[in-house]
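Scroll down for the structure; my scribbles are underneath it.
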Number of protein chains: 2
Amino acid sequence: MTNLSPRQQQILEFLRAFIEEHDYPPSIRDIQEGCGISSTSVVDYNLRKLEEKGYIRRDREISRGIELLGARGRRPRIIEVPLLGTIAAGQPIPVPTSDRWAADAEDYVPVTEDMVRGRTNVFALRVRGKSMIEDLIDDGDIVFLEPTRHADDGDRVAVWLKDRGEVTLKRIYRENGRIRLQPANSTMEPIYTTPDNVEIQGRFISSIRPSD
Amino acid sequence: MTNLSPRQQQILEFLRAFIEEHDYPPSIRDIQEGCGISSTSVVDYNLRKLEEKGYIRRDREISRGIELLGARGRRPRIIEVPLLGTIAAGQPIPVPTSDRWAADAEDYVPVTEDMVRGRTNVFALRVRGKSMIEDLIDDGDIVFLEPTRHADDGDRVAVWLKDRGEVTLKRIYRENGRIRLQPANSTMEPIYTTPDNVEIQGRFISSIRPSD
DNA sequence: GCGCCGTCCGAACGGATGTTCGCGGCAACG
DNA sequence: CGTTGCCGCGAACATCCGTTCGGACGGCGC
């Protein structure tokens, strides 16, 4: 593989930094100034080299028509998951239907598509409480759920407890006629209830710790 | 909240599609042509409106100086996590050190920073096998680990089994002098071994199902 | 009608920007 | 030494592109 000259590495690094900051690519003269190059033709020359070597793609004759390629430039596809509310709080959460769920969103959580791969209708909930701490779900985390009405034993599910009027996130187990809702926190006791008192809202897929 | 005129919605949608496709913003004349508008000044007029209403940000006098703002335009910070190899295979995995770990990467996995929030030195491994299926980790998934030498009971860890010469991902439990490595798969038996035979390589943080 | 306002139109201006061309330095090589 | 290839320099050129200006159209209130 052909190597890069120092100048070319410098330009490539400048490209990354500039796009990161501005969300649009630099002009040739931006690169010239940013890299301390005395002529635009030098920039053009090296950009051609970078294109030959497959590091960038250029749309000729178009200003700022530079795209970064390769592993560090590949931009993953971003999915906006609707954030519908908070779980383990006193409010019921409507199970979204495919056509109207987005309307209830209070916000959207951008994630890479890998987080929800192969699933549609995924929605997000903010977590309150530490009842699932041993499943790496902490207070303030965001969980992604897929809407479903049924679950297998041991699944982490959001369940609507009719008698308490609230939704909670627990592992679910069916034990000779009753339901055990098991927190992933050894300091907390499981909830025992009856099948007709619970309504499964969604099944846990993954979680993140939001940055803000 | 001020609403958007049809023209403004149209332009906003065009902006998203164009950036999605090209990785750089359109020029005013690109928008003009793409939206079937007869004059650049109309585009400029509506872009000003969109800026007033907070949907975009413009760098004046700069070609293609348009940034999308708001929930659908906010681009999450992408972290490139080095993918160091495959786990549950016959090869040992070197625990990365802060200065040389990236050199061993065979690839990089782009994820939102939420996935590894607050952690540095996170690395990724491809999973082979279904031993952790009940922890939502399937064959082919990618797991993110933070390098560590110790873990608490019940943690999911990557451990190096000296006698077998392989690394595996299991839940770890210390039981009166010996180690139990528990798969999250009810059809599989735990591995019992001794503390001096295991070497913890990293602690599980999260996982994704890659798209390709 | 009259004025006001939001929106759109067409054209022109001038700066921003990609491209090209001739020239020069420099190292490698015969 | 002459040639070749790589790289850099400066200037000129032709577009590209954001901006501005005068004008027009239609809805609305007085």
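Quick caveat: nothing in here was measured; it's all calculated off a predicted structure. Note on naming: letters A, B, ... go to the chains in the order of the sequence lines (proteins, then strands), and numbering restarts at 1 for each one.
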Round to a whole Å and report the spacing from CD of A:Q8 to P of D:dG8.
8 Å
Spatial distance of atom CD (B:E52) from atom OH (B:Y55) [nearest 0.5 Å]:
13.0 Å
To the nearest 0.5 Å, tell me how far B:R126 CZ sits from B:I87 CD1.
12.5 Å
A:P25 and A:I66 have their tightest heavy-atom pair at CG-O, 3.4 Å
Closest heavy-atom contact between B:I31 and B:P26?
CG1-CG, 3.8 Å
Taking five pairs at each end of the helix from C:dG1-D:dC30 to C:dG30-D:dC1, what angle separates the two helix axes (nearest 10°)?
10°
Check residues 35-43 of chain A and write down every donor-acceptor pair under 3.5 Å in which the side-chain atom is one partner and the other belongs to a residue at least two apart or another chain.
{"residue": "A:S39", "atom": "OG", "partner": "A:S41", "partner atom": "N", "Å": "3.2"}
{"residue": "A:S39", "atom": "OG", "partner": "A:S41", "partner atom": "OG", "Å": "2.9"}

With sequence neighbours excluded, residues passing salt bridge (Lys or Arg N to Asp or Glu O under 4.0 Å) with A:D153
A:R174
Please confirm whether the shortest side-chain N or O distance from B:R64 to OP1 or OP2 of D:dC17 is below 4.0 Å.
yes
Output the residues of residues 33-47 of chain B in contact with DNA chain D, where contact means a heavy atom of the residue under 4.0 Å from an atom of the strand; sort by number or write none.
B:T40, B:S41, B:D44
Note: A:E21-A:R16 ion pair, threshold 4.0 Å (strictly below):
no
Less than 4.0 Å between a side-chain N and a carboxylate O, is that true for B:K162 and B:D196?
no
d(CD, B:Q32; P, D:dG18) in whole Å
11 Å
Return the 5'-most residue of the pair B:E61, B:K49 with respect to DNA chain C, ranking by each residue's nearest nucleotide.
B:K49
Test salt bridge (Lys or Arg N to Asp or Glu O under 4.0 Å) on A:D30 and A:R64 and set out the steps.
CA-CA 10 Å; A:D30 287 335; A:R64 303 172 190 273; 3.0 Å; yes
Just jot down the salt bridge (Lys or Arg N to Asp or Glu O under 4.0 Å) partners of A:D44, sequence neighbours excluded, or say none.
A:R48, A:R58
D:dG8, OP1 or OP2 - any side-chain N/O from A:R7 closer than 4.0 Å?
yes
Go through DNA chain C in 5' to 3' direction and return only the first and the last nucleotide with some atom under 4.0 Å of chain B's heavy atoms.
C:dG6 to C:dT17
Aromatic rings A:F18 and A:H22: how do their planes relate, parallel, tilted or perpendicular, breaks at 30° and 60°?
parallel
Separation of D:dC17 P from B:I31 CD1 (nearest whole Å):
11 Å
For atom CD1 of A:I11 and atom C1' of D:dC7, their distance in whole Å
12 Å
Using only side-chain N and O atoms of B:R48, determine if any of them is under 4.0 Å from OP1 or OP2 of D:dT20.
yes
